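Each remark here refers to the structure printed beneath this line.
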Protein chains: 2
Amino acid sequence: MNSRLLIIHIMDKGVDMTGQSPAREPRKAHTTQPPCPAQQPPLAQPVQGAQVVARIALLLRLVGRNPSGTPLAEIVRDSGLTRPTVHRLLTSLAAEGLLDHDAVRHTWHYGPEVFVMGTVAAACYPIEELARPSLVRLAEETGESAFLSIRRGAETVCLLREEGSFPIRSFVLHEGVRFPLGVASAGMAILAYLPDAEVDALLADTGLGETETIAARWGAQHSPASIRANLERTRVTGYAVNPGLILEGSWGMGAAIFDRSGRPGWALSLTGIEPRFKPERQKVLGQLLLDEASRVTQILQRPPLT
Amino acid sequence: MNSRLLIIHIMDKGVDMTGQSPAREPRKAHTTQPPCPAQQPPLAQPVQGAQVVARIALLLRLVGRNPSGTPLAEIVRDSGLTRPTVHRLLTSLAAEGLLDHDAVRHTWHYGPEVFVMGTVAAACYPIEELARPSLVRLAEETGESAFLSIRRGAETVCLLREEGSFPIRSFVLHEGVRFPLGVASAGMAILAYLPDAEVDALLADTGLGETETIAARWGAQHSPASIRANLERTRVTGYAVNPGLILEGSWGMGAAIFDRSGRPGWALSLTGIEPRFKPERQKVLGQLLLDEASRVTQILQRPPLT
DNA sequence: GTGCCGATGTCCATAAGATGGACTCCACAG
DNA sequence: CTGTGGAGTCCATCTTATGGACATCGGCAC
């Protein structure tokens, strides 16, 4: 389960070696530029009068990347907040049951209250039950691991994972992992079916600094041009292919699911190693993905619930 | 749904007519007594330096009571906070995707982010899949509605609901509803298997004021004595019976589920109308509940998962 | 129509409360 | 033993949340 950590590490150590600013300093962000909308690339607007809420939400999102627990230092680093602040907020969240603190391993995870709230919320978001059968079928028929991701603002979040039978499995993707739209096949599949204007907006402003571009974080293979090229390919076939762009040799394919208003809000995807994604098989896998995505979409269209 | 809420109601309506301070003033609480452990009777300790976190958690819990949406006024009333504060916090939470604001109906619900986080958390709390089959069986075999509740501090929270076929159904209990331990059959079943010391603590201090007792909120049939009497009955049979104590004619029965350390952390329960809970049938239903609770308990005991 | 009521939503001066620099403590490696 | 890196704690400072007061909206009675 720490293979994931690995990736984080790799990325932290390697990709970010843009050279400049060895000591991070984004934490001063909130002190000076009140009109500045983007301190972090989350999904929130400026908002007035409750920055703590933004911080808490940020921390909750960060903790969520690792269901198996995240150490304080990692959260401090990735949040850009100071250690005392993060520690205090995490402690308070834990006191409320929203987080849990593993005192032995010094890690933080989601607490029972999050689970409880999520279960309640799940009553309003029935995607889970709707998509699980599709995931199972995909995993069984292909042998690869199958995933459901949801769009959240400019990101996708991996919600469900269904393991395939193939003995070599990638752990780049698992529950809670977030990617910007355009990175990973799920985000690519979703992005491909958003209106052009939104695509432009999403690919253009990644905050303010040019250091914050997707490419800076995820490598040159995620330059706007590369992403747009892949978008075109995705629009032609209907499904997205990620040819090892995140981790060499780790391929993925995805297809979008559309909500009642016709917008792509989720995606099904498959991941595996490169030899399992030869061109001929891509067509097969792509069709399977499209079939299942279409099935889920149709179920979603149907009920006028509420 | 903390007992705390109650007080607010009481105060607003009548009890606080002690003459002094018609305007509520419990909000000064945090300013003076730092060592005082009980400012609010939720599940949290004093905590230092992040009262906003407590407020946010409180609001999230309150919103969760009603998956279908809660108006601002209700949250303001039950939280004891001022309207501007509640409004600002809710707005901020909505901006983060943790809540959703129905601008037409002026109601607040859980947002997609809560659902996402919950789904991630669910990977660590597999009770859902473990218990669902039991709920389905219970609902099918009895015709009543079946529920899974979880213990959260001094409360139970209803997590899952499975409708029965019987055409008259009670909606006292549904996803997100919270009761103090000792109220409703699920909480009674759990309370009955907690150590005596804990039971005493839970039944004794319901905060600080004597106006905050469970009985004050849930009626004299929930006096400590009555609860203890019911506890005894529960310990004899193994299952709890709620003979319409919350709502006349709305009966319930529950059985506890035990975690790996042998503590009662969840409960299965059935609800229905009084004629369906005649003594002979109680035995049948009770046995079914015990069987299913035991089954879930055994599954929980088994895996040494991380 | 008009006026009342209860609700939501907004503003901004105030002071309450969150912040983070600096410190301690602990575990582990060399 | 000393050095390094991380977790956790403290408290003076000043940023940030607070809530009283106001604006607005929609429904309802007359």
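None of the values given here were measured: they were computed from a predicted structure. Chain letters run A, B, ... following the sequence lines, proteins first, then strands; residues in each count from 1.
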Atom [atom1] of [X] to atom [atom2] of [N]: distance rounded to whole Å?
{"X": "Arg88(A)", "N": "dT16(D)", "atom1": "CZ", "atom2": "P", "value": "12 Å"}
{"X": "Leu89(B)", "N": "dT16(D)", "atom1": "CG", "atom2": "P", "value": "16 Å"}
{"X": "Gln51(B)", "N": "dA18(C)", "atom1": "CD", "atom2": "C1'", "value": "8 Å"}

For nucleotides 5-9 of chain C, tabulate all protein N/O to nucleotide N/O atom pairs closer than 3.5 Å, reporting atom names and distance.
from: dT8(C); atom 1: OP1; to: Leu72(B); atom 2: N; distance (Å): 3.0
from: dT8(C); atom 1: OP1; to: Ala73(B); atom 2: N; distance (Å): 2.9
from: dT8(C); atom 1: OP2; to: Ala73(B); atom 2: N; distance (Å): 3.4
from: dT8(C); atom 1: O3'; to: His106(B); atom 2: ND1; distance (Å): 3.1
from: dG9(C); atom 1: OP1; to: His101(B); atom 2: NE2; distance (Å): 3.2
from: dG9(C); atom 1: OP1; to: His106(B); atom 2: ND1; distance (Å): 3.3
from: dG9(C); atom 1: OP2; to: His87(B); atom 2: NE2; distance (Å): 3.4
from: dG9(C); atom 1: O5'; to: His87(B); atom 2: NE2; distance (Å): 3.4

How would you list all residue pairs meeting ring pair (Phe, Tyr, Trp, His ring centres under 6.0 Å) that involve residues 64-84 of chain A, not counting sequence neighbours?
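Not a single pair qualifies under ring pair (Phe, Tyr, Trp, His ring centres under 6.0 Å).
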By the ring pair (Phe, Tyr, Trp, His ring centres under 6.0 Å) test, which pairs, at least two apart or in different chains, include something from residues 66-87 of chain A?
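Applying ring pair (Phe, Tyr, Trp, His ring centres under 6.0 Å) to every pair that reaches into residues 66-87 of chain A, excluding sequence neighbours, yields nothing.
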Can you list the residues that meet the salt bridge (charged side-chain N to carboxylate O under 4.0 Å, His left out) rule with Arg83(B), with sequence neighbours excluded?
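Arg83(B): no salt bridge (charged side-chain N to carboxylate O under 4.0 Å, His left out) contacts found.
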Please check the phosphate of dT18(D) (OP1 and OP2 only) for any side-chain N or O of Arg55(B) closer than 4.0 Å.
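Result: yes.
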Closer than 4.0 Å, any side-chain N/O of Thr82(B) to the OP1 or OP2 of dT18(D)?
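The answer is no; no side-chain N or O of Thr82(B) sits under 4.0 Å from OP1 or OP2.
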Who are the side chain to side chain contact (heavy atoms under 4.5 Å, CB included) partners of Pro112(A), not counting sequence neighbours?
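Only Asp100(A), Tyr125(B), Arg152(B) meet the side chain to side chain contact (heavy atoms under 4.5 Å, CB included) criterion with Pro112(A).
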Go through the structure and list residues passing ring pair (Phe, Tyr, Trp, His ring centres under 6.0 Å) with His109(B), not counting sequence neighbours.
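So His109(B) forms no ring pair (Phe, Tyr, Trp, His ring centres under 6.0 Å) with any residue.
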Any carboxylate oxygen within less than 4.0 angstrom of a Lys/Arg side-chain nitrogen, looking at Arg61(A) and Glu155(A)?
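A salt bridge is absent here (no side-chain N lies under 4.0 Å from a carboxylate O).
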